[in-house]
Amino acid sequence: MIFTDKYTLEYDPRKDAHRVHSTEAPLCPSCGFLMSGYDNRRRKAIDSTGAVYWLLVRRLYCPKCKTHHTELPRSLVPFKQYEAAVIEGAGSPQSSCPAEGSTIRRWKRK
Ligand SMILES: [Zn+2]
């Protein structure tokens, strides 16, 4: 898993998802080698209003390590559906987090 900070989103109506266009060179987190695009996959995301949207994230291939890595925009957290800002703000008094109470309690345990 690698993160990109510099990216744009473009809606793809055929996939019903926003394609993530990174402007950063994707470097392998293990060896630093420049990776190449392999394919895309759909990734669910939920924003602070509880609205669900889908992203098309790149899967990259490192020819040196012979492994695949997914490129996520920095706004997301690996293996979590809610945006990073939603998870960080959850449970604070001024937060209106759309997640269920049990989900917020699970986030805070870690
Ligand atoms: Zn590598």
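- One finds the CD1 atom of I2 at 10.0 Å from the CZ atom of R74 (value rounded to the nearest 0.5 Å).
- Rounding to the nearest 0.5 Å places NE2 of H69 at 4.5 Å from OG of S30.
- With ring centers used as reference points, Y61 lies under 6.0 Å from H68.
- Minimum heavy-atom separation, K108 to A90: CE-O, 4.0 Å.
- Under 3.5 Å, the side chains of E10 and H18 contain no donor-acceptor pair of N or O atoms.
- Using a 4.5 Å heavy-atom threshold, the side chains of L60 and Y38 count as separate.
- R43 and Q81 get closest at one heavy-atom pair: NH1-CA, 4.1 Å.
- Under a 3.5 Å cut-off, the side chain of E83 and the backbone N or O of A45 do not form any donor-acceptor pair.
- For the side-chain contact (heavy atoms from CB on, under 4.5 Å) with V86, the qualifying choice from S75, S96, C97 is C97, the only one to do so.
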- Would you please test C65 and C28 for side-chain contact (heavy atoms from CB on, under 4.5 Å) and show each step? CA-CA 9 Å; C65 302; C28 175; 3.9 Å; yes
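- From N40, atom CG reaches atom CG of L55 across 11.0 Å, with rounding to the nearest 0.5 Å.
- Clustering ILVMFWY residues whenever any of their side-chain heavy atoms sit less than 4.5 angstrom apart, transitively, puts I46 in the very cluster that holds V77.
- A side-chain donor from one of Y11 and D16 sits under 3.5 Å from a side-chain acceptor of the other.
- The closest side-chain heavy-atom distance from W54 to K44 is below 4.5 Å.
- Contact of the Y7 side chain with the T23 side chain is not registered, since no non-hydrogen atoms from C-beta on lie closer than 4.5 Å.
- Atom CZ of F3 sits about 10.5 Å away from atom OG1 of T70, to the nearest 0.5 Å.
- Note: L76 CG to Y82 OH = 13.5 Å, rounded to the nearest 0.5 Å.
- For the pair R41 and V57, the minimum side-chain heavy-atom distance is below 4.5 Å.
- One hydrophobic cluster holds both L72 and F79 under the rule that ILVMFWY side chains link at heavy-atom gaps under 4.5 Å.
- At distances below 3.5 Å, at least one donor-acceptor pair connects side-chain atoms of R42 with backbone N or O atoms of K15.
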- Task: Verify salt bridge (Lys or Arg N to Asp or Glu O under 4.0 Å) between R58 and E71, making sure each step is shown before the conclusion.
- Result: CA-CA 5 Å; R58 281 200 299 179; E71 179 186 59; 3.0 Å; yes
- Item | Pair L9-V20, side-chain contact (heavy atoms from CB on, under 4.5 Å): steps then yes or no | CA-CA 5 Å; L9 297 178; V20 179; 3.7 Å; yes
- D5 and E24: CA distance, side-chain angles, deciding distance, side-chain contact (heavy atoms from CB on, under 4.5 Å) verdict: CA-CA 8 Å; D5 292 303; E24 294 175 294; 4.3 Å; yes
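- Between L27 and L34, some side-chain heavy-atom pair lies under the 4.5 Å cut-off.
- Note: F33 CZ to C62 SG = 7.0 Å, rounded to the nearest 0.5 Å.
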